[in-house]
2 protein chains.
Amino acid sequence: MVPNWDDMRVFLAVAREESLSAAGRRLKIDPATVGRRVARLEASLDAPLFTKSQQGYVLTPIGERLLDHGLKAEEAMRAASGSVSGSSKTLSGQIRIGAPDGCATYLLPQVCAKICDANPELDIQILSLPRVINLSRREADMAITVSAPTAGRFLVQKITDYRLHLVASQEYLNAQAKIENLEALRRHRFIGYIPDMIFDRELDYLVDIGVERVALASNSISVQLGQASLGSGVCVGHDFALPFHPNLRKILTDQLSLTRRYFLIRHQGDQRNERLNRFAQALTAGIREEVVRLEAEASP
Amino acid sequence: MVPNWDDMRVFLAVAREESLSAAGRRLKIDPATVGRRVARLEASLDAPLFTKSQQGYVLTPIGERLLDHGLKAEEAMRAASGSVSGSSKTLSGQIRIGAPDGCATYLLPQVCAKICDANPELDIQILSLPRVINLSRREADMAITVSAPTAGRFLVQKITDYRLHLVASQEYLNAQAKIENLEALRRHRFIGYIPDMIFDRELDYLVDIGVERVALASNSISVQLGQASLGSGVCVGHDFALPFHPNLRKILTDQLSLTRRYFLIRHQGDQRNERLNRFAQALTAGIREEVVRLEAEASP
DNA sequence: AAAATATTTTGCAAAAATGCAAAAGGAGGA
DNA sequence: TCCTCCTTTTGCATTTTTGCAAAATATTTT
């Protein structure tokens, strides 16, 4: 009769994922158990919460109503966990970060490795996302973005600025006439993002330069730089990525230099979550350091 | 690592009761289990929540902080349960009502019996309290009072007015000179509440009449009426109580008649709790009917 | 002072919940 | 049309949780 509070936790997962198996993956419990706990909750509430089918679980109107309250409970439970600063000196558990692929590829691996070394109990998951992450749905605990969100209640914190320049491989440059100015670029092949898959205006570098056509495109910056590295063309790349592609050279650095900024976005409700606060602190500091280190290495 | 939400439920009970066994009684689970679940919560939060001793569990500062969030979670869970109208036609589970003793003694038994008959799955607990009930601490789901609360966020609903008169036993009246007016009362012995235990000004009937001395006192109205019934003196009694004391007679009804009002108090957060709404509806209707019936019976 | 009554804690057997493996049922693609 | 992959569901062995009984300990009463 009186519901088990923990069943609400699995209810939320199922409501979000619309599937027992996906919810099970997220919660790291067996889908069968997930199904049984939903059934138990329905029994104790004496109401159908989902319409069940082989292609998933979808909320009934009653379930929708329950979801509203469940989210409130979740917020409270999250704040509760956060309020006990976890007396232990070291962080533990699981933290998931969403980030644009440049950051995820070239910065987070080293930074997170260092954090993990210092906190052996901590598991970090890096979500490299080809789209703006939906933090409201709790897809991640925090997200790194290139523009501050305008709507929604979030904690926004500047991480650091970083620079981008035009790059091409040494071999490519040797084979061509020296590129003297921006005008000369018109005769070159460009590598960039897939135009209609650019999810943030800040990432639409090429439009800033006036380039209209992208011959080789990928949704992954590392694929782009890989192609540039093979001598396929000219590309806009992060300075901090260059040490990973030794034969890439910056070009026209005096005539074209882009600056962008990383932000750390968190849920408003996590403001007093000491655990996440400490992690965020370590993360931003780590990224800042790493950008400085890599950009210095790339400057000559 | 990730806490079991249901452990928060038992944490709240222990925090309130400050004892494993009392919490166990309230939750209807074994004290040993309560202790183990608290231990598990502490382990998953990695923080000491209680200082434990043989005389009970008392919150640590960390526990205090957790309590705040836990209460929020509880509110959300309560609202969640309430939001699903419990598709079944009949009420079930457990509902606890606090009430002043007059109401608890002479009205609620019949009214609640009727409600229970109509809802076989429902358990009703009547808390007859010698003090103003602390609804904020969730000692009860709802409370009946004689004055509307001034502070706090509560739902207040008038139930019904009721009347009180001076009463004495037939035998007592026969043995005395006829009491013609209020002035004549000065020579009689009064039965009433224990003066310094009156918790609500509305119950301080005798001061309204001008009586200063109470010879026989009890904190229980049924004890008072029992004494009056034995011919020990004059007492202020509820009209609706008289049918239960057949040899009591109202006196000076034309010169002294008190009217009081019962209110039903509920938690603001329960406003959309269909289950409690339905119960409250049945309760107020039942009390209203019962007062009318009993007062009619007492009038001749 | 000693007995009685609370409390928490511990040991163990019973009960419940869980994970795994297999079954059953569709949706989408070759 | 069939085949494959993805679901949910079911049966069963294992693990975990729970309740009960007894032990240990302190407080209150006689």
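Heavy atoms only: backbone and side chains are in, while hydrogens, waters and symmetry mates are out. Sequence lines set the chain letters: A, B, ... in the order given, protein chains first and strands last, and positions in each chain run from 1.
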Of the listed nucleotides ([options]), which one gets closest to any side-chain atom of [X]?
X	options	result
B/Arg25	C/dT7, C/dG19, C/dA27	C/dT7
A/Tyr57	D/dT8, C/dC20, D/dG19	D/dT8
B/Ala32	C/dT10, C/dT18, D/dT18	C/dT10
A/Arg40	C/dA17, D/dT7, D/dC20	C/dA17
B/Lys52	C/dG11, C/dT9, D/dT17	C/dT9
A/Ser21	D/dC12, D/dC20, D/dT7	D/dT7

Query raised in the report: Hey, is the side chain of A/Thr33 poking within less than 4.0 Å of OP1 or OP2 on C/dA17, counting only N and O atoms?
Result: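 No, A/Thr33 has no side-chain N/O under 4.0 Å of OP1/OP2 on C/dA17.
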Requested in this report: Check whether any side-chain N or O of A/Gln55 sits under 4.0 Å from OP1 or OP2 of C/dA27, and answer yes or no.
Outcome: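 Yes, such a contact exists.
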Please report the distance, rounded to the nearest Å, between [atom1] in [X] and [atom2] in [N].
X	N	atom1	atom2	answer
A/Leu27	C/dG19	CG	P	10 Å
B/Asp6	C/dT18	CG	P	11 Å
A/Asn4	C/dA16	CG	P	14 Å
A/Leu20	D/dT8	CG	C1'	6 Å
B/Asp30	D/dT16	CG	P	21 Å
B/Glu17	C/dT7	CD	P	11 Å
A/Ile29	D/dT16	CD1	C1'	14 Å
A/Arg36	C/dA17	CZ	P	10 Å

Looking at [X] and [Y], does any basic side-chain N land under 4.0 Å from a carboxylate oxygen?
X	Y	value
A/Glu42	A/Lys52	yes
A/Arg9	A/Asp6	yes
A/Arg78	A/Asp141	yes

**Report entry** Residue pair B/Gln125 / B/Arg96, side-chain donor-acceptor N/O under 3.5 Å
**Finding:** yes
Query raised in the report: Hey, are B/Arg266 and B/Asn277 close enough side-chain-wise for a donor-acceptor pair under 3.5 Å?
Result: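 Distance-only check passes for B/Asn277 and B/Arg266.
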Report task. Determine the contact category for B/Arg37: base if any of its heavy atoms lies under 4.0 Å from a base atom, sugar-phosphate if only primed atoms, P, OP1 or OP2 are that close, otherwise nothing. Result -> sugar-phosphate
**Report entry** Residue mapping more 5' on DNA chain C - nearest nucleotide basis, A/Lys28 or B/Ser19
**Finding:**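 Upstream on the strand: B/Ser19.
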